[in-house]
Q: 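Below you will find the structure I want to go over with you.
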Amino acid sequence: MKMHLTLPAVVIFALLLAAFSTGSPLFFMTALLLVLLIVFGFISVWQASRTLTIQSDLSGKTVQRGDNVILNVVVHHHGLLPIAPILLELSATPDMPETKVRLKDAPGKHQRLTLPFHASHVGVCAPGVKAYTVEDLFGFFSVRRCPEASQGDLLVLPVVFPVEDLLFAPGDSGFETLARATEDVTNPSDVRTYQQGDALKKIHWKLSLRKGELMVRRFEEPVLPEVLVLMDCSQPPTWGHPGAEADVRDSLLETAASVVAHQLHSDHGVRLPLQGAHPVEFEKSMGLPLLLEDLARLDFSETDRFERVLLLETRRLRKVGSTVIVSARLNSNMVDMMIRMRRMGPYVRLYLITFTPDDPKLVPLISKLQQAAIQVRFVTPAPV
């Protein structure tokens, strides 16, 4: 509890000195009244702060970027004496700084505050009451405390948008491959008894003679090449404005989510390794909802340079038919790594997140990629 009693104490001392010096009861009564006001203020703050409760909840815990959420705050205390309007400190979010709001005083009653919140950026935030301050009517005493119960986090998910179909090596387009062959005749995996309609070339003659019945070979189904999505999980380049940097992060996450979501409807598998403090690798069987949550919680804390990440991921390319790279930066080392990946077989597409696609520094790098048959797509970050 903070006490602002220096000035009142000086005034009381002066009044008492005047009362004893002049013998006037007026000065004494004035000093006594001021003491009673101080006691009144102490009791009012003490009662209210001990009985005050704050409940805050959001109209939704998981929303998409661009949605609106309502924050409801209910304040209640059982203090018998009036107090000054309660001061609420609202937590900072990616969209607004920490703010302070005063409530109208209503002793012993509920005080409700309804605040709209616009989810402008992907990520995890905690809009709500960070702390509150209880003061008496005269400003002698104040108590600042934090709510005991937390309102929980708000998860803002990336928004998926349409993307182009990816290119694959000839014969790896999915439906055509499945229509052409349902089994890999070069890779037998098991045997079973003959069934009418089985091709004679599948009969295992030596095993059939040994068992006294016809046995046929079973073969593994062909495995289509995967799509490997690589996103730069390091801190994005600075653009001199926090809002612009947040828009770049949103575009990185939403582009990666859109590419993966598009591939979930195809026959090809898809993988998206996410680096950082809590690395995780998404694969097709995990489903889109889990992917969006993982992306929303990404902290962009990867410390390795992205070209090194590309180098490490080349070990997977034997089973990869198409590689998608999502990044907000481009340099000569990254260009060399992408060309190397293209020469290893899979098609490569780069989604470059930038506000300046016509930057003269990018032109020779983009030209070099295109000469190596690498697709380049620009994504311009945009707020919602």
Side-chain angles (χ1 to χ4, degrees), residues 65-66 94-95 120-124 156-164 166 227-262 272-280 282 291-292 294-313 323-339 341-342 348-370 374-384:
R65 185 171 79 100
D95 307 305
S120 299
H121 298 293
V122 179
V124 182
V156 183
L157 303 178
V159 178
V160 175
F161 57 84
V163 297
E164 302 174 50
L166 297 177
V227 176
L228 179 62
V229 182
L230 300 175
M231 185 181 72
D232 189 350
C233 297
S234 61
Q235 194 67 28
T238 58
W239 292 89
H241 188 274
E245 295 170 18
D247 290 337
V248 170
R249 290 194 295 269
D250 293 339
S251 294
L252 284 167
L253 296 170
E254 292 181 346
T255 302
S258 300
V259 172
V260 174
H262 183 78
L272 170 61
L274 299 174
Q275 309 296 330
H278 304 285
V280 63
F282 173 84
L291 166 69
L292 298 180
D294 287 340
L295 289 173
R297 298 183 187 279
L298 188 68
D299 56 4
F300 289 95
S301 61
E302 174 61 26
T303 56
D304 274 348
R305 297 175 64 87
F306 191 45
E307 48 265 38
R308 173 173 168 77
V309 175
L310 295 178
L311 175 62
L312 294 175
E313 293 297 336
T323 303
V324 177
I325 298 171
V326 183
S327 177
R329 55 169 58 87
L330 185 65
N331 55 46
S332 58
N333 290 333
M334 292 173 57
V335 169
D336 292 340
M337 282 306 310
M338 284 184 251
I339 294 175
M341 297 171 78
R342 178 65 187 94
V348 178
R349 178 183 294 175
L350 168 66
Y351 284 96
L352 184 60
I353 316 299
T354 179
F355 291 101
T356 57
D358 297 327
D359 187 349
K361 296 180 180 178
L362 292 177
V363 173
L365 300 176
I366 298 299
S367 177
K368 190 174 180 180
L369 288 174
Q370 292 174 336
I374 295 175
Q375 295 180 321
V376 180
R377 301 291 183 266
F378 294 102
V379 178
T380 303
V384 293

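Along the sequence shown, residues carry numbers from 1.
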Q: As an exercise, state the distance from CG of Leu310 to CD of Glu313, rounded to the nearest 0.5 Å.
A: 8.0 Å
Q: Taking the side chain as C-beta and beyond, is there a heavy-atom pair between Leu350 and Leu330 under 4.5 Å?
A: yes
Q: With sequence neighbours left out, what residues match Arg297 under salt bridge (Lys or Arg N to Asp or Glu O under 4.0 Å)?
A: none
Q: Check each of Thr303, Val326, Leu298 against Cys233 using the side-chain contact (heavy atoms from CB on, under 4.5 Å) test, and report the only one that passes.
A: Leu298
Q: When rounded to the nearest 0.5 angstrom, what distance separates CG in Leu166 from OG1 in Thr323?
A: 9.5 Å
Q: Apply side chain to side chain donor-acceptor pair (under 3.5 Å) to Arg305 and list each qualifying residue two or more places apart in sequence or on a separate chain.
A: Glu307
Q: What's the separation between atom OG in Ser327 and atom CD1 in Ile353, rounded to the nearest 0.5 Å?
A: 8.0 Å
Q: Mind checking salt bridge (Lys or Arg N to Asp or Glu O under 4.0 Å) for Asp336 and listing every partner two or more places apart, or none if nothing turns up?
A: Lys368
Q: Of all the heavy-atom pairs spanning Val348 and Met338, show the shortest one and how long it is.
A: CG2-O, 4.1 Å
Q: What residue pairs, at least two apart or across chains, pass salt bridge (Lys or Arg N to Asp or Glu O under 4.0 Å) with a residue in residues 228-252?
A: Arg65-Asp250, Asp232-Arg329
Q: Exactly one of Leu252, Val260, Leu272 should register a side-chain contact (heavy atoms from CB on, under 4.5 Å) with Leu295. Which one does?
A: Leu272
Q: Looking at CG of Leu157 and CD of Glu254, how far apart are the two atoms once the value is rounded to the nearest 0.5 Å?
A: 10.0 Å
Q: For Gln375, which residues count as a side chain to side chain donor-acceptor pair (under 3.5 Å) partner, sequence neighbours excluded?
A: Arg349
Q: Taking the side chain as C-beta and beyond, is there a heavy-atom pair between Phe306 and Asn333 under 4.5 Å?
A: no
Q: Taking CZ in Arg308 as the centre, count heavy atoms belonging to other residues, nucleotides or ligands within less than 6.0 Å. Is the count above 12?
A: no
Q: Could you pull out the closest heavy-atom pair between Val229 and Pro273, with the gap in Å?
A: O-CD, 3.3 Å
Q: Rounded to the nearest 0.5 Å, how far does OG of Ser367 lie from CG of Leu362?
A: 12.0 Å
Q: Looking only at heavy atoms, which two atoms of Pro364 and Pro360 are closest? And how far apart?
A: CD-O, 3.3 Å
Q: With sequence neighbours left out, write down each residue that passes ring pair (Phe, Tyr, Trp, His ring centres under 6.0 Å) with Phe161, or none if nothing qualifies.
A: none
Q: Kindly give the heavy-atom pair with the smallest separation between Ala277 and Asp299, and that separation in Å.
A: CB-OD2, 3.5 Å
Q: How many angstroms lie between atom CD1 of Ile325 and atom CE of Met337, to the nearest 0.5 angstrom?
A: 8.5 Å
